Student: 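Below you will find the structure I want to go over with you.
The sequence lines fix the lettering, A, B, ..., with proteins before strands; numbering per chain opens at 1. Computed from a predicted structure; not experimentally measured.
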Number of protein chains: 2
Amino acid sequence: MVETSQREDQQRAARARRKELLEAADRVVMRDGPGASMNAIAAEAGITKPILYRHFGDKGGLYRALAVRHTDALLDGLRAALDSPVPRRDRVEATLDTYLVAIETRPQVYRFLMHPADEEQPSEQGFDVGRHSAPLLRRLGEELAEVIAERVDLGPGGEQLARAWGHGIVGMMHAAGDWWLRERPFPRAELVRHLADLLWGRLAAAGDRLDGPGF
Amino acid sequence: MVETSQREDQQRAARARRKELLEAADRVVMRDGPGASMNAIAAEAGITKPILYRHFGDKGGLYRALAVRHTDALLDGLRAALDSPVPRRDRVEATLDTYLVAIETRPQVYRFLMHPADEEQPSEQGFDVGRHSAPLLRRLGEELAEVIAERVDLGPGGEQLARAWGHGIVGMMHAAGDWWLRERPFPRAELVRHLADLLWGRLAAAGDRLDGPGF
DNA sequence: ACACTCATGTTACCGCTAGTAACAAGTAGT
DNA sequence: ACTACTTGTTACTAGCGGTAACATGAGTGT
């Protein structure tokens, strides 16, 4: 008979319970979307709300715990792609593909991680106002795609390519700007130059480090 | 005495009223953040809730109308930068700069447009769980920045440059993936190739169209 | 055997939100 | 005067996140 302290047993049990609760929450969120209520999650787990709050503090805590799980899983895959022993260009493609496969095969997880505030079911309520108010980033992407398509010669199939680039470039600007705005690590002009450099192909032009396996 | 139909007067008045309401809503949202309540907005406008609902349908409608205003303003500036008669590289930089100036000088507008669901005031409530669960995109950006910094020789100041690139590339992948996932205009492999091409400097390598002013 | 501790679970509530129904009042047209 | 319409109100609903107070049951010290 093994002597296990009561404390250890309890902590183990608590961790197991927490895992069960997270799995129930996951089921509900994947079924009902990110707007799922704490009541619904508690019901799915077969318990009531205060228990959820004891385990996770508040809704944000539960959602963070959920997000960490999925994010860790995705990051593992990406790290593997980033470390695969192939030429640099192939590695870039492998990483992009890993990400895209992930969002393609589990779009609900993707929606939860990326757009945790969206709610669906407009339930046939057509509003006249703001119908054309697609979120800013989409509009920007489409506008830029148009400009690119009309001014740059991209060869056959160039329109779709321009759209991919338009959205991609806007996303780059957005994400880099968001990071820069929070941390302000250097003046604005420097970020402008860095991003323009990136678009201008410095990634391809940069040399490998001598000590690394090469990016 | 000019004969104006009552209908026209009323519509004009309704439009003016709507504009006033939008301005009041704007003040509240810029002051209290995107989580501002309809009650607060109505109070700021000196009226009560049902009037807001008659004008905008629901909260989403009001917020869409607000977003359209700001988005249009930003888009005008960007279009001007995109059309300025300077070399292509300078135009890219001007456009990036215009966007960054906008988010730098009016971060509250930016927050409203980009993160309309965030709420602040954590009010000193420290949660143990998930403290390290920075949203997925930030984690990805930081991870990629690390990989780039450690494997690519970027010269002096390379670490900050790597971070800008890391976040930028992740944002590109995210935005392009988001668009592609909604529209599925071509197979995944094609998007992978397009994005890798973009990172590989095809934007700089592409020739100008013969009929346009050059991108 | 008994009290103590402590985690697990409940019911019943609070304050707040988005959204709505019902009603009052002013104003123009007939 | 009667109708039609807009503007405004008060008073309500249902549901949300979150919490206080209480019940219960298992292991531990005396």
Side-chain angles (χ1 to χ4, degrees), chain A residues 1-21 24-25 28-29 32-64 66 116-125 127 129, chain B residues 1 3-21 24-25 28-29 32-64 116-125 127 129:
Chain A
M1 183 101 164
V2 182
E3 262 298 317
T4 66
S5 96
Q6 183 193 355
R7 259 316 204 283
E8 282 169 0
D9 277 3
Q10 279 176 175
Q11 289 192 4
R12 210 185 332 258
R15 268 196 298 272
R17 196 85 184 91
R18 189 189 157 93
K19 202 174 160 194
E20 285 172 27
L21 296 185
V28 176
V29 168
D32 299 352
S37 82
M38 293 296 269
N39 256 327
I41 293 172
E44 169 74 26
I47 50 150
T48 51
K49 268 197 301 176
I51 302 184
L52 284 181
Y53 283 95
R54 279 218 264 269
H55 275 269
F56 301 104
D58 65 355
K59 191 174 190 175
L62 202 174
Y63 274 40
R64 265 191 296 276
L66 258 185
D118 296 4
E119 292 172 24
E120 48 264 36
Q121 24 258 40
S123 69
E124 270 74 11
Q125 294 284 25
F127 293 129
V129 58
Chain B
M1 181 98 158
E3 261 299 318
T4 65
S5 94
Q6 183 193 354
R7 259 315 204 283
E8 281 168 1
D9 277 3
Q10 278 175 177
Q11 289 191 3
R12 208 181 339 251
R15 268 194 299 272
R17 196 87 185 91
R18 188 189 156 93
K19 202 175 160 192
E20 284 171 30
L21 297 184
V28 176
V29 168
D32 300 352
S37 81
M38 294 297 269
N39 256 327
I41 294 172
E44 168 75 27
I47 50 150
T48 50
K49 267 195 305 176
I51 303 184
L52 283 181
Y53 282 95
R54 280 218 264 269
H55 275 269
F56 300 104
D58 66 355
K59 190 174 191 176
L62 201 174
Y63 275 39
R64 265 191 296 275
D118 296 4
E119 290 173 26
E120 49 265 35
Q121 24 261 37
S123 70
E124 270 74 11
Q125 294 283 23
F127 294 131
V129 58

Student: Using a heavy-atom cut-off of under 4.0 Å over every strand shown, decide if A:R17 touches base, sugar-phosphate, or nothing.
Tutor: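 Sugar-phosphate, backbone atoms only, no base.
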Student: Which angle, rounded to 10°, do you find between the first-five-pair axis and the last-five-pair axis of the helix from C:dT5-D:dA26 to C:dT30-D:dA1?
Tutor: 20°
Student: Would you kindly give the CG-to-P distance between A:L52 and D:dC16, to the nearest whole Å?
Tutor: 14 Å
Student: Hey, mind stepping through B:E20 and B:I47 against side-chain contact (heavy atoms from CB on, under 4.5 Å) and telling me if it holds?
Tutor: CA-CA 11 Å; B:E20 284 171 30; B:I47 50 150; over 6 Å; no
Student: At what distance, to the nearest 0.5 angstrom, does OG of B:S37 lie from NZ of B:K49?
Tutor: 8.0 Å
Student: Okay, side chain of A:Y63, backbone of A:P34: is any donor-acceptor separation there less than 3.5 Å?
Tutor: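 Such a contact is found between A:Y63 side chain and A:P34 backbone.
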Student: Just how far, in rounded Å, is P of C:dA18 from NE2 of B:H55?
Tutor: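 Distance, rounded to whole Å: 18 Å.
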Student: Which of residues 41-50 of chain B have a heavy atom under 4.0 Å from DNA chain D?
Tutor: B:I47, B:T48, B:P50
Student: Could you state the OH-P distance from B:Y53 to D:dC12, rounded to the nearest angstrom?
Tutor: 18 Å
Student: For A:K59 and A:Y53, work out which heavy atoms get closest and say how close.
Tutor: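 Looking at all heavy atoms of both residues, the closest pair is N-CE2, 4.3 Å.
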Student: Nearest-Å distance, CD1 (A:I51) to C1' (D:dT24)?
Tutor: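 Those two atoms, CD1 and C1', are 13 Å apart.
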Student: Rounded to the nearest angstrom, tell me the gap between atom CZ in A:R18 and atom P in C:dT8.
Tutor: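 From A:R18 CZ to C:dT8 P: 12 Å.
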Student: Check whether any side-chain heavy atom of B:R18 lies under 4.5 Å from a side-chain heavy atom of B:F56, and answer yes or no.
Tutor: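 When only atoms from C-beta onward are counted, B:F56 and B:R18 do touch, with a gap below 4.5 Å.
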Student: Round to a whole Å and report the spacing from CD of B:E20 to P of D:dG8.
Tutor: 9 Å
Student: Can you tell me how far C1' of C:dT20 sits from CG of B:D58, to the nearest Å?
Tutor: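 One finds 13 Å between C1' of C:dT20 and CG of B:D58, rounded.
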Student: Take B:R54 and B:K59, find for each the nucleotide of DNA chain C with the closest heavy atom, and name the residue whose nucleotide sits nearer the 5' end.
Tutor: B:K59
Student: Indicate the atoms forming the closest heavy-atom contact of B:L52 with B:A42, along with that distance.
Tutor: CD1-N, 3.7 Å
Student: Would you name the heavy atoms of A:A40 and A:V28 that are closest together and state the gap between them?
Tutor: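 That would be O-CG2, 4.1 Å.
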Student: Figure out the CG/P separation between A:L62 and D:dC16, and round it to whole Å.
Tutor: 15 Å
Student: Measure the spacing between CZ of B:R54 and CD1 of B:I51 and express it to the nearest 0.5 Å.
Tutor: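 Reported to 0.5 Å precision, the distance equals 7.0 Å.
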Student: Looking at B:M38 and B:D58, what are the two nearest heavy atoms and their distance?
Tutor: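 Nearest heavy atoms, B:M38 then B:D58: CE-C, 4.5 Å.
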